[in-house]
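So that the names make sense, note that chain A is the first sequence line, chain B the second, and so on, each numbered from 1.
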Amino acid sequence: MIGPAHRVLVAVPAYNEHPTIARVVAGIRAAVPEFDLLIVNDASTDGTGASAAALGVTTATHLANLGYGRALQTAIKYALRHGYDALVTIDADGQHDPRDIRTVFERARAGRHDLMLGSRFVATRRYGDEPLVRRVGMRVFSLLLWLLTGQHVFDTSSGMKVIDRGVFELLTRRPFVDFHAESLVFLIKAGYSVGECPITVEQRRTGSSMYTPLSSLKYPLKVCFLIVLSAIEATVMKRGAA
Amino acid sequence: MNVGGTLAVWLLSALLVAWVFDLVRRDRLYVGYGVIFVGAIVAGLAAISMPRVLGVFSRLWANVVPASGFFELVLLFVLVLMIYAFSQLTLVSNRLATLIQELAIREADAPPDPASRTRQR
């Protein structure tokens, strides 16, 4: 669990977020100046990498685009290798308020959670103004997660997370497509603690979402498939360790 | 198709689906391919299990290729080969991704360019 003398890394997976990266970095430095900062540049083509270098931020640059899940895994590997006690992830599109980092971090510490999600929906338990397809998807994933684990998680696709070092190695052992619902099911079924606390999220103003209309068809199928597999694997792993 | 044949097809399909699930679970087959293969196997099983659908398809297909049990065996062989080929593709892809991640971490650890004036944290 995260102790009082902690070293914390804030990681920002970024793909073509040149318009917002400077604002996000400034916000993180202002909100949590004592935390280290890492940008994982997932082979951006719009100058995101150059912006990060100009800001003097430690940057890990993928030579080819690997996707959000692999970018997050790079951050976890970096945190594991450098002995950090906790990793905070935050989106590069400026939707998250960096001031919520400290709130989520403190809640993770207080609750001794292995993974704490900054959740858009846990306070209201409603999916508000999200597009219909996304609302249906989030409800399906939450329902599936509850059926498999017995735990309610309202924002399974939150990009703001606090991850304790106790699960770093586990999360690097196998790739997760996007470290959303499937990784939550995996951790909960494996006996780790996952929490959720409310944060504020703005609508995306620039750039494009990683979810396209085509992915809205493929993504739910893949995630449901993976959620079930993650539950099976975590259960088998836990029984093997017992 | 008689009862024995139907049972054999169901058993074979179950084994194939279990194999695909296991490959995806062990990260030896990308989940997207797994969804496609499972979908194809289930769709094929559904078609075979409905005699009317199977009859219509057989009549249409017989106009192109004579119906033959050997043809179905060839089809099964091709399916198994495709699952194997895509699992090898996934393995190569995973190794490449691991390499790219490692290079990215080493780049982040590299000392800053002395000629650069940007300050590193």
Side-chain angles (χ1 to χ4, degrees), chain A residues 9-10 25 29 33 35-43 49 52-67 69-82 172-177 182 215 218-233 236, chain B residues 13-43 45-46 83 86-121:
Chain A
L9 177 71
V10 179
V25 167
R29 282 175 166 164
F35 291 177
D36 290 341
L37 181 56
L38 171 75
I39 290 177
V40 181
N41 174 17
D42 194 16
L55 293 165
V57 180
T58 303
T59 303
T61 302
H62 289 165
L63 295 175
N65 182 255
L66 297 181
R70 288 284 190 179
L72 209 54
Q73 192 182 52
T74 298
I76 295 172
K77 286 183 176 181
Y78 184 93
L80 178 66
R81 193 169 299 185
H82 291 81
T172 59
R173 236 186 262 169
R174 62 188 290 275
F176 295 92
V177 171
E182 55 165 317
S215 70
K218 298 188 307 182
Y219 184 76
L221 285 173
K222 284 194 319 188
V223 174
C224 289
F225 199 100
L226 286 168
I227 285 174
V228 171
L229 281 179
S230 287
I232 294 169
E233 185 165 354
V236 167
Chain B
S13 300
L15 287 172
L16 283 172
V17 168
W19 182 36
V20 169
F21 260 81
D22 187 57
L23 285 172
V24 175
R25 186 186 68 79
R26 290 187 293 128
D27 193 38
R28 298 180 91 82
L29 183 69
Y30 173 59
V31 62
Y33 304 149
V35 169
I36 291 170
F37 283 125
V38 169
I41 292 165
V42 169
L45 190 63
I83 292 173
F86 277 88
S87 78
Q88 295 304 301
L89 186 62
T90 300
L91 281 175
V92 171
S93 174
N94 285 345
R95 285 173 190 160
L96 185 60
T98 302
L99 180 63
I100 288 171
Q101 288 177 311
E102 182 63 29
L103 288 172
I105 291 171
R106 289 188 186 199
E107 181 219 9
D109 286 342
D113 182 358
S116 168
R117 293 185 182 183
T118 54
R119 183 175 60 85
Q120 294 283 336
R121 278 184 73 106

Open item on the list: Please classify the contact between B/Asp22 and chain A as side chain, backbone, both or neither, with a heavy-atom cut-off of under 4.5 Å.
Closed with: neither

Task: Side chain / backbone / both / neither for A/Leu66 at chain B, heavy atoms under 4.5 Å - done: side chain

Task: Validation row: A/Ile39, A/Thr58 side chains within 4.5 angstrom (heavy atoms) - done: no

Open item on the list: For A/Ala64 versus A/Ala43, what's the shortest heavy-atom pair and its separation?
Closed with: C-CB, 3.5 Å

Open item on the list: Only pairs of heavy atoms separated by less than 4.5 Å count here; which of A/Arg70, A/Lys77, A/Gln73 has the most with chain B?
Closed with: A/Arg70

TODO: May I ask you to say whether A/Arg173 pairs ionically with A/Glu233, meaning some side-chain N is under 4.0 Å from a carboxylate O?
DONE: no

Task: Charged N-O contact under 4.0 Å between B/Asp109 and B/Arg106 - done: no

Open item on the list: Shorter than 4.5 Å, heavy atoms on both sides: which option in B/Gly39, B/Gly32, B/Ala97 has the most such pairs with chain A?
Closed with: B/Ala97

